[in-house]
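The block underneath contains the structure these notes are about, expressed in structure tokens.
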Amino acid sequence: MSALRSAFMNEFAARGHLHQCTNQDGLDALMMKERVAGYIGFDCTAPSLHIGNLTQIMRLRVLQRAGHKPIVVVGGGTTKVGDPSGKDETRQLLTDAQIEANKLRHMEIYRRFLKFGDGATDAIMVDNAEWLDTLQYIPFLREVGRHFTINRMITMDSVKLRLDREQPLTFLEFNYMIMQSYDFVELFRRYGCRLQMGGSDQWGNIVSGIDLARRTDNVELFGLTSPLITTSSGAKMGKTAAGAVWLSADMLSPYDYWQYWRNVEDADVGRFLRVFTDLPLDEIAQLESLKGAELNDAKKALANEATALCHGRAEAERAAETSRQTFEGAGMSANLPTVDVSHDELAKGIGVLAAFTRAGLTTSNGDARRQVSGGGLRVNDEAVADEKLLLTSAHLREGVVKLSLGKKKHVLLKPV
């Protein structure tokens, strides 16, 4: 395989996005020769996108920055079927009204990260319901379905894994692969789209679309996948003890979004800076080389840049200042008493009642329970409502967990 020459492929690989490509040399040469339209599809299954989706949006951002044209496909049509990839069970079917409401909210998020318009490299947004909703069943089966064999379809991971586990796969879901393949062909016919990108779990669907285009339109399309991102400890990216890390401010505040990035594992900082920010690669190399306490500066840079992209620079600065005042300034972390806990203990979870007693803020678990009933205990300045709450690494803010009894007594739990 030849060395990469195009600006897009070089940056795509350097930022850790490159996993598989159907014809890497061919795509690289095409990128050198002409402006390429490339797409990623996003189904409208939730009211907000989350940072698992953000990995894909950032890949479209790299495409646009390199002088090519991103296409965002909002899956108003495919959402009605549900992608079985990586799922152990059938997705809950949404009503048309729910899908439309989710779609409109998602469109607001895409506009934060990509420049849309009529220019040559401006992104466009299309809904695959435009063509999928109008298909006639029998003509579609005759025109498209005849190019798919059941033999090959059941070897695809999205189908095979479900069958191997003896978990039901509906005929509706079984059609998803054909619909996504048809999307690629339709996007080529309408917009000259030559590239589909996606996570590595989409490889089978992408290759099926390329094969369909070769059979129906005698054209070579290209597929490019990226590794599914997990944290260095193996946890699924974007999942916390509190739930998904959403991109909508009404589902996760900009401050909590900032804190998510501030508290990533040390081993993930450089990788996440490359994937989730636009910082130059040489600057990222300097940040990830920091050691010890200085690595906190790299984590703050990650939090600032990621939050600025999603919520705006003003919100990022506000979140950083709030965090500084809460955990560093106003006589907080410098002067507050600290209780050490082990990383392993915090990873397993520490009962909130035991934590306050251990910190000396309450005399016993019974005393702590009474304080919860009276609204007197706070974790990171939020009232404790559940006496069975477990404090975990997800509660770390600026590397500590702040415990408060009333307004004047504070102790920091610090993992060592």
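Computed from heavy atoms alone, side chains included, the values below leave out hydrogens, waters and symmetry copies.
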Ser208 and side-chain contact (heavy atoms from CB on, under 4.5 Å): which single residue from His147, Gln180, Met177 fits? Met177

Name the residue from Leu403, Val400, Asp340 that meets the side-chain contact (heavy atoms from CB on, under 4.5 Å) definition with Leu412. Val400

Side chains of Asp268 and Thr231: any donor to acceptor distance under 3.5 Å? no

Any side-chain heavy-atom pair from Ser248 and Ile109 closer than 4.5 angstrom? yes

Can you find a pair of side-chain heavy atoms, one from Tyr191 and one from Glu186, that are under 4.5 Å apart? no

What class does the angle between the rings of Tyr110 and Phe42 fall in, given that below 30° is parallel, 30 to 60° is tilted and above 60° is perpendicular? tilted

Name the orientation class of the two ring planes belonging to Trp261 and Phe272 (parallel below 30°, tilted from 30 to 60°, perpendicular beyond 60°). perpendicular

What do the steps show when you test Thr121 against Gln64 for side-chain hydrogen bond (donor to acceptor under 3.5 Å, both in side chains), and what is the final call? CA-CA 6 Å; Thr121 64; Gln64 187 168 51; 5.2 Å; no

Run the side-chain hydrogen bond (donor to acceptor under 3.5 Å, both in side chains) test on His17 and Arg59 for me, step by step, so that the C-alpha distance in whole Å, both residues' side-chain angles and the decisive distance to 0.1 Å come before the verdict. CA-CA 7 Å; His17 294 304; Arg59 287 154 191 162; 2.8 Å; yes

Within the structure provided, determine whether Leu54 and Leu49 are in side-chain contact (heavy-atom separation under 4.5 Å). no

Taking distance alone, no hydrogens or angles, what donor-acceptor pairs closer than 3.5 Å link side-chain atoms of residues 343-354 to residues at least two apart or in another chain?
from	atom 1	to	atom 2	distance (Å)
Glu345	OE1	Arg358	NH1	3.3
Glu345	OE1	Arg358	NH2	3.2
Glu345	OE2	Arg358	NH1	2.5

So do the side chains of Glu11 and Arg65 get within less than 4.5 Å of each other, counting heavy atoms only? yes

Hey, is the main chain of His50 close enough, under 3.5 Å, to the side chain of Asn53 for a donor-acceptor pair? yes

Does the side chain of Asn304 come under 3.5 Å of the side chain of Arg262 through a donor N or O and an acceptor N or O? no

Separation between CZ of Arg313 and OG1 of Thr307, rounded to the nearest 0.5 Å: 9.5 Å

Once rounded to the nearest 0.5 Å, what's the spacing between atom CD1 of Ile229 and atom CZ of Arg271? 6.0 Å

Does Phe184 form a ring pair (Phe, Tyr, Trp, His ring centres under 6.0 Å) with Tyr39? I'd like the steps, not just the answer. CA-CA 9 Å; Phe184 201 176; Tyr39 96 95; 5.6 Å; yes

How long is the straight-line distance from CG of Leu4 back to CG of Asp28, given to the nearest 0.5 Å? 5.0 Å

Side-chain heavy-atom pair Arg189, Asp217 within 4.5 angstrom cut-off: yes

side-chain hydrogen bond (donor to acceptor under 3.5 Å, both in side chains), that's the test. Do His410 and Ser404 meet it? Break it down for me. CA-CA 4 Å; His410 311 281; Ser404 305; 2.8 Å; yes

Passes side-chain hydrogen bond (donor to acceptor under 3.5 Å, both in side chains), Thr357 versus Thr362? Steps please. CA-CA 5 Å; Thr357 301; Thr362 54; 3.1 Å; yes

Any donor and acceptor pair, going by atom type alone, linking the side chain of Asn23 with main-chain N or O of Gly26 inside 3.5 Å? yes

With no hydrogens and no angle check, just 3.5 Å: does a side-chain donor-acceptor pair link Ser200 and Thr225? no

In this structure, are over 12 heavy atoms from other groups packed under 6.0 Å from Glu382 atom CD? no

Rounded to the nearest 0.5 angstrom, the CZ-OG distance for Arg369 and Ser364 is 8.5 Å

Show me, pair by pair, the donor-acceptor contacts under 3.5 angstrom made by side chains of residues 280-294, not counting sequence neighbours?
from	atom 1	to	atom 2	distance (Å)
Glu288	OE2	Arg274	NH1	2.8
Ser289	OG	Gln286	O	2.6

